[in-house]
Amino acid sequence: MLQRPDLFVITTGNPSIGLGHVNRCTSICDNVRDFFSNIYFVFNASDESLNYPFYPCVYTQDRIQHTLQHARPGDHVILDDYSLTAADANTLKKHDLWTIGINDIPADAMPCHVIINHLPGVDAKLCHHLKEE
């Protein structure tokens with residue numbers, strides 16, 4: 001039987017700075033969880049106030065390294081944090097992980113396999129700068 005991939009969600013948020021990224025990612029996960037074996041949220045270590053019964057949460061300073069240590073080729077990674085870079089996305093891709101970038105600023109979009117841009121009316125031509133590095 002074919003094993004479903006795991007999904008790692010690298011994001012940030014807490015009650016002090018806001019929960020927009022977390023809420024957006026949780027909504028996506030609620031809608032796709034049947035397609036994945038496991039879903040893990042990977043937060044930076046600044047706040048451990050978030051916990052979800054369906055999604056184990058990990059708190060670490062190096063979210064990319066943690067994901068690389070625990071993911072298998074073919075697993076998926078959602079990247080939803082303004083501090084993440086094109087180098088982060090490319091590192092994950094080089095390890096055969098499927099990357100999904102969530103973005104509302106086309107100029108800051110990372111070179112992911114899939115980009116979810118929730119800016120209403122955005123034109124794909126605004127993301128012309130994306131390329132493999």
Side-chain angles (χ1 to χ4, degrees):
M1 182 196 309
L2 185 63
Q3 183 175 359
R4 294 179 294 168
D6 287 342
L7 174 62
F8 294 82
V9 181
I10 301 175
T11 190
T12 191
N14 62 52
S16 299
I17 66 169
L19 297 170
H21 294 266
V22 177
N23 289 336
R24 178 170 50 231
C25 290
T26 302
S27 294
I28 291 170
C29 292
D30 288 346
N31 285 283
V32 300
R33 69 176 162 215
D34 291 342
F35 299 100
F36 295 96
S37 292
N38 300 291
I39 297 175
Y40 306 98
F41 273 66
V42 186
F43 293 105
N44 54 13
S46 64
D47 191 302
E48 295 187 14
S49 64
L50 303 173
N51 199 1
Y52 296 99
F54 292 119
Y55 311 120
C57 298
V58 174
Y59 300 90
T60 178
Q61 287 295 328
D62 194 338
R63 298 173 293 169
I64 301 301
Q65 187 60 36
H66 172 85
T67 301
L68 291 173
Q69 289 173 343
H70 293 89
R72 300 177 316 268
D75 283 348
H76 293 49
V77 183
I78 291 177
L79 302 164
D80 188 10
D81 185 333
Y82 295 122
S83 70
L84 297 169
T85 66
D88 293 327
N90 286 325
T91 297
L92 295 165
K93 289 166 67 174
K94 286 177 186 173
H95 287 84
D96 295 322
L97 301 176
W98 186 262
T99 56
I100 304 154
I102 300 180
N103 182 270
D104 58 351
I105 305 171
D108 291 339
M110 290 176 282
C112 293
H113 292 99
V114 174
I115 297 173
I116 299 172
N117 190 305
H118 55 91
L119 178 67
V122 71
D123 188 331
K125 289 183 243 175
L126 294 174
C127 297
H128 68 277
H129 64 287
L130 298 177
K131 62 182 188 292
E132 293 287 325
E133 292 183 6

Problem - Qualifying ring pair (Phe, Tyr, Trp, His ring centres under 6.0 Å) pairs with a residue from residues 13-33, counting only residues at least two apart or across chains - result: His21-Tyr82
Problem - Pairing residues for Asp30 by the side-chain hydrogen bond (donor to acceptor under 3.5 Å, both in side chains) criterion, not counting sequence neighbours - result: Tyr55
Practice task
Specify the closest pair of heavy atoms between Cys112 and Ala89, including all atoms of both residues, with the distance to one decimal.
Solution key: SG-CB, 4.1 Å
Problem - Least distance between heavy atoms, Cys25 atom then Ile102 atom - result: SG-CD1, 4.2 Å
Practice task
Calculate, to the nearest 0.5 Å, the distance between atoms CD1 and CZ belonging to Ile100 and Phe8 respectively.
Solution key: 12.5 Å
Fill in the blank from the handout: Per side-chain contact (heavy atoms from CB on, under 4.5 Å), Asp75 is matched among Leu92, Leu97, Leu7 by Leu97
Practice task
State which residues pass side-chain hydrogen bond (donor to acceptor under 3.5 Å, both in side chains) with Asp88; sequence neighbours excluded, sorted by chain then number.
Solution key: Thr85
Exercise for the section: Any chance you could measure Met110, atom CE, to Leu79, atom CG, to the nearest 0.5 Å? Expected result: 4.5 Å
Handout entry: Ser37: side-chain hydrogen bond (donor to acceptor under 3.5 Å, both in side chains) partners, not counting sequence neighbours
Key = none
Practice task
For Phe36, check ring pair (Phe, Tyr, Trp, His ring centres under 6.0 Å) against everything at least two apart and list the hits.
Solution key: His76
Practice task
Please step through side-chain contact (heavy atoms from CB on, under 4.5 Å) for the pair Thr91 and Lys94, ending with a clear verdict.
Solution key: CA-CA 5 Å; Thr91 297; Lys94 286 177 186 173; 5.8 Å; no
Problem - Sequence neighbours excluded, every pair satisfying salt bridge (Lys or Arg N to Asp or Glu O under 4.0 Å) that has a member inside residues 59-71 - result: Arg63-Asp81
Handout entry: Side-chain touch Ile116/Ile78, heavy atoms, less than 4.5 angstrom
Key = no
Problem - Summary of salt bridge (Lys or Arg N to Asp or Glu O under 4.0 Å) pairs that have at least one residue in residues 3-17, sequence neighbours excluded - result: Asp6-Arg72
Exercise for the section: Indicate yes or no: at least one non-hydrogen side-chain atom of Phe41 is less than 4.5 angstrom from one of Thr26. Expected result: yes
Handout entry: Atom of Ile39, atom of Pro56 and distance for their closest heavy-atom approach
Key = O-CD, 3.1 Å
Handout entry: Which atom of Thr11 lies closest to which atom of Asp80, heavy atoms considered
Key = OG1-O, 2.8 Å
Completion exercise
Sorted by chain and number, sequence neighbours left out, side-chain hydrogen bond (donor to acceptor under 3.5 Å, both in side chains) with Thr99 holds for His113
Handout entry: Verify same cluster id: Val58, Val9 (apolar side-chain graph, 4.5 Å)
Key = no
Completion exercise
Taken in chain and number order and not counting sequence neighbours, the residues that satisfy ring pair (Phe, Tyr, Trp, His ring centres under 6.0 Å) with His70 are His66
Completion exercise
Rounded to the nearest 0.5 Å, the CG atom of Asn44 sits from the OH atom of Tyr59 at a distance of 10.0 Å
